[in-house]
Amino acid sequence: MNFRGIISSFPTSGRNFFLDLLKESTKIHHLQQIHAQIIANGYKNDISTVTKLTHRLCDLGRINYARDLFLSIRNPDIFLFNVVIKGYSSNGSSFSSISLFNHLRRMTTLRPDNYTYSFAVAASSDFRSEKVGNLLHGQAVVDGLESDLFVGSSLVDLYFKFSKVDLAKKMFNRMLERDTVLWNTVISGLVKNCRYEESIGVFIDMIADESTRLDSTSVTAVLPAPAELQMLGVGMSVHSLALKLGLDDHEYVITGLMSTYSKCGEIESAGSLFGQIARPDLISYNAMISGYTCNGETENSVRLFRELLESGDRVNSSTIVGLIPVFQPFGHLDLTSSIYGFCIKSSIVSNPAVMTALTTVYSRLSEMELARKIFDESNEKCLESWNAMISGYAQIGLTKEAISLFKVMQESEVRPNPVTITSVLSACAQLGALSLGKWVHELIKREEFDANIFVMTALIDMYAKCGSIAEARHLFDLMPDKNVVTWNSMISGYGLHGHGNEAWNLYNQMLQCGIFPSRVTFLSVLHACSHAGMVAEGERVFHSMIIDHGFEPIAEHYACMVDMFGRSGQLRRALDFIERMPTEPGPAMWGALLGACMIHKDTTLAHLASERLFALDPENVGYYVLLSNIYSVDKKFPLAASIRQVVKRKSLVKIPGCTLIEIGEVSHMFTSGDRSHPQSDKIYMMLEKLVGKMKEAGYKPETTAALHDIEDEEKEMMFEVHSEKLAIAFGLIATEPGADIRIIKNLRVCLDCHTATKFISKITERLIVVRDANRFHHFKDGVCSCGDYW
DNA sequence: TTAGGGTTAG
């Protein structure tokens, strides 16, 4: 027998033999051996065999091996292209996937088919921007494949992934043919976008549609909806439907039902379902652990956690997060710490996912030092950990830490996502860091985050809070989709700047657009009315909130009303309002009244308000200072001094006043009487010169005057200069004549500084924008936008 | 002239 004969009779030489072998092989070394046999038997250019091998390599994550194989084929056909396009995207290289798709279109004569489009569209949904996906949609239309079931389904999925719910629904409605997968895609897409009611609606439509059959995916896709809505009845109906369809032994279905029952408080039903699973996997364990935790059965969660560890399975971040009752108000810190200890002991703490989870949990508990410790110790810092740290810092007002950590992150290889950016913007807004905020804005454009509603809302908020209300409005008008938070940010921005009319108009425009206002909306409108003296409008909106929109007012709303009456000088009405409130007045209401007494110099009422305040909130130093200042105004110095004694005796913490000014990219911080600035001499000389001119113009320093903020030590007071004056003087030195000066103060501006700034704005012909703890003051031509009313 | 490639999910 000759050599050819040996080959042809050799059992491994048939194509089908290789294909069968490839189907069954699950290990990479099998594939390598088969590949060697394929070459040895002369099948290395047999395209179907190579395609199958490439496919298996992709499945096992060997994308580079697969790519080399692909490149070795002289004339790959559309099948092989499809396998590699899919392989890239399922191995996390969506960019390569799209590049290959483009290569296919431009450099070959092959025509992409429905497979090609569905893979490419799926790859494009991994991108941050929907642009590629939109292009692909256009190309699919041109190639007449848009309404193909597979292409259409992947397009529907694409739009859901980019939260274009309306587009997705439109696409779905246009589809002539609908199969189980398409329905499932819509149900899960609605769930992903928190459209729970709608997803239940579509699920019911699907049941009614007799041409399609429900499968386990349909059931698992819809279950989060009744779980989130806590609609036990719906959950139970889905359960009985699953029983009827014989899907109740499907592990995903059982896990979904478990979550639904435990979120509806039916923890026993969840537990018995868990018992039905022969060998629960990690996700089932996690669902049950967090179910127990949510229902307060901590012992059971810990028991399951141990069981999971003993079974030798890996633990992931969901396990740890599910174990810790993050959102419960009490007892969580101790438990977290003991779980941390447990993680150390069982040496799973080095697991990056666990590290991340612990960082996240501590950060959510505002235990930033502990969070930071774990964060610093972890070797692999993933995006989620960075976000947990940065947002944690930003949320509790540690803005500098948030920003400096963000800068460290920029230096590392981890790229920020919209969550990061939103947190950083919140820090900028709190800090008034306009130049950093502008830099982040550039980054948003570069990274194409400018379609993200959270990012854009945070950006609007940042501009408004950093004084650029016009820029905020510009961005607001450019946004195609706005949610209630976006509108609220803009309305409260106007309120901060004292632009009551704009806030009022925007609120009405919002209603016309059919946006449902929230409690925060009313708070923002009331604030705006209060700061602009629009009492009639404020009262109208307060009543409309209750009657037309069905909101029960909360403490903040009442405080706003008291503030509004008080500011406008209707102190008795404010008191009357407090006394007639249906709930017990808290510190916020009395505090608002005390503040109004300050402005209108009503000592009697101030006394009443402060008595209530001291009873309710004895540790708050602000009220003592306010009262002491009122006595000073009334020239009741002994009383004022005695109040200050109380502060000293209680050794309540004083917040030192400080003012920030940004020149270029650098921010300069001044405290009261500060001489630490390198240009200190020049600053004081400038101030002296200014005071001279101001006095000529009629300025009288308010030496006996009340300070809204914390007073300095009595004797020093005469010589000390408040930080805002220093910052303004420095601003005058460091900027071009005529340039705007923007400063930020951490406390409320005091009366003397307010008067002085009015004079300075007139003398120097500058616009001076001051952001204090409460609002913005725009000083121009000797007048302040607050109407001396703050 | 066959083979080789699907989108959705806890």
Side-chain angles (χ1 to χ4, degrees), chain A residues 14-20 22-23 43 46-56 58-59 66 69-70 73 76-87 89-90 112-125 140 145 148-158 160-161 168 171-172 175 178-192 199 202-203 206 212 214-225 227 238 242 247 250-260 262-263 270 273-274 277 280-288 290-291 318 322:
Chain A
R15 168 196 281 153
N16 287 334
F17 178 78
F18 285 127
L19 292 175
D20 287 342
L22 283 165
K23 241 175 247 168
Y43 277 90
D46 181 76
I47 196 148
S48 55
T49 313
V50 172
T51 303
K52 184 74 186 167
L53 177 58
T54 312
H55 188 200
R56 299 297 297 133
C58 290
D59 284 349
L69 208 53
F70 167 70
I73 300 294
D77 65 0
I78 194 69
F79 280 77
L80 187 49
F81 263 100
N82 290 346
V83 166
V84 183
I85 288 171
K86 164 115 196 294
S89 83
S90 54
D113 63 8
N114 49 349
Y115 287 81
T116 327
Y117 274 109
S118 58
F119 298 149
V121 170
S124 76
S125 67
L145 293 166
D148 173 87
L149 250 185
F150 289 96
V151 179
S153 301
S154 50
L155 284 168
V156 170
D157 190 50
L158 171 89
F160 276 123
K161 280 188 178 146
M171 184 79 211
F172 172 65
M175 298 291 290
R178 293 171 179 181
D179 68 352
T180 304
V181 174
L182 179 57
W183 282 98
N184 292 352
T185 307
V186 176
I187 293 165
S188 83
L190 289 168
V191 164
K192 270 186 220 138
S199 89
V202 173
F203 185 74
M206 185 180 179
T212 39
L214 282 87
D215 65 4
S216 62
T217 305
S218 325
V219 175
T220 46
V222 79
L223 278 172
V238 176
L247 299 168
H250 194 286
E251 199 182 303
Y252 284 12
V253 173
I254 299 176
T255 309
L257 286 166
M258 263 165 51
S259 299
T260 310
S262 52
K263 289 209 173 139
L273 280 170
F274 184 73
I277 307 175
D281 68 0
L282 181 59
I283 293 172
S284 305
Y285 262 108
N286 288 351
M288 201 58 227
S290 88
S318 308

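Labels below follow one simple rule: chain letters A, B, ... track the order of the sequence lines, proteins then strands, and each chain is numbered from 1.
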Look at all strands and tell whether F81(A) reaches a base, only sugar-phosphate, or nothing, counting heavy atoms closer than 4.0 Å. nothing

Write down the distance between CG (L190(A)) and C1' (dA9(B)), rounded to a whole number of angstrom. 14 Å

dG10(B), dG6(B), dG4(B): which one has an atom nearest the side-chain heavy atoms of F150(A)? dG6(B)

Under 4.0 Å, heavy atoms only, any strand: does D77(A) hit a base, just the sugar-phosphate, or nothing? base

In whole Å, I'd like the distance from the CG atom of D179(A) to the P atom of dG6(B). 16 Å

Of all the nucleotides listed (dG4(B), dT8(B), dG10(B)), which has the minimum atom distance to the side chain of I47(A)? dG4(B)

May I ask you to decide if L80(A)'s main-chain N or O and D77(A)'s side chain share a donor-acceptor pair within less than 3.5 Å? yes

Respond yes when some side-chain nitrogen or oxygen of K86(A) is under 4.0 Å from OP1 or OP2 of dT7(B), and no when none is. yes

Let me know the distance between CG of L155(A) and C1' of dT8(B), rounded to the nearest Å. 14 Å

Interatomic distance where CG belongs to L282(A) and P belongs to dG10(B) [whole Å]: 15 Å

Could you give the CZ-to-C1' distance, from F70(A) to dG4(B), as a whole number of Å? 14 Å

Quick one: label D59(A) by what it contacts on the DNA or RNA (base, sugar-phosphate, nothing), any heavy atom closer than 4.0 Å. nothing

So which nucleotide from dG4(B), dG10(B), dT8(B) ends up closest to the side chain of V181(A)? dT8(B)

Determine: side-chain N/O of T185(A) to OP1/OP2 of dT7(B), distance under 4.0 Å, yes or no. no

Side chain of Y252(A) - closest among dG10(B), dT8(B), dA3(B): dG10(B)

Between the base of dG10(B) and the side chain of T220(A), is there a donor-acceptor distance below 3.5 Å? no

Going by atom types alone, do T180(A) and T212(A) pair a side-chain donor with an acceptor below 3.5 Å? no

Choose from dG6(B), dG4(B), dG10(B) the nucleotide whose nearest atom is closest to any side-chain atom of F119(A). dG6(B)

Report the nucleotide, chosen from dG6(B), dT8(B), dG4(B), that has the shortest atom-to-atom distance to any side-chain atom of K192(A). dT8(B)

Selected nucleotide, minimal atom distance to H250(A) side chain, candidates dA9(B), dG4(B), dG10(B): dA9(B)

Considering only heavy atoms and no angle criterion, is a donor-acceptor pair shorter than 3.5 Å present between the side chain of N286(A) and the base of dG10(B)? no

Between dG6(B), dG4(B), dG10(B), spot the one nearest the side chain of Y115(A), thanks. dG6(B)

For atom CG of N114(A) and atom P of dG4(B), their distance in whole Å: 17 Å

Can you see if the side chain of H55(A) gets near the phosphate of dG6(B) - specifically, an N or O under 4.0 Å from OP1 or OP2? yes

Give one of base, sugar-phosphate or nothing for S153(A), where a contact means two heavy atoms less than 4.0 Å apart. base

Y252(A) meets the ring-ring contact (aromatic ring centres under 6.0 Å, His included) criterion, sequence neighbours left out, with H250(A)

Just checking I187(A): base, sugar-phosphate only, or nothing, at a heavy-atom cut-off of under 4.0 Å? nothing

Does the side chain of D157(A) pick up a donor-acceptor pair with the side chain of S154(A) at under 3.5 Å? no

What does V83(A) touch in the nucleic acid at a heavy-atom separation under 4.0 angstrom: a base, only the sugar-phosphate, or nothing? sugar-phosphate

Evaluate the ring planes of F172(A) and W183(A), with Trp represented by its six-membered ring, and classify them as parallel (under 30°), tilted (30 to 60°) or perpendicular (over 60°). perpendicular

Tell me every residue that passes ring-ring contact (aromatic ring centres under 6.0 Å, His included) with F274(A), counting only those two or more places apart in sequence or in another chain. Y285(A)

Output for pair (S199(A) OG, K192(A) NZ), nearest 0.5 Å, gives 12.0 Å

Would you kindly give the CG-to-P distance between L247(A) and dA9(B), to the nearest whole Å? 17 Å

Counting distance alone, no hydrogens or angles: does the base of dG10(B) have a donor or acceptor under 3.5 Å from a partner atom on the side chain of S284(A)? yes

Starting at atom CG of D113(A), determine the distance to atom P of dT7(B), rounded to an integer number of angstrom. 13 Å

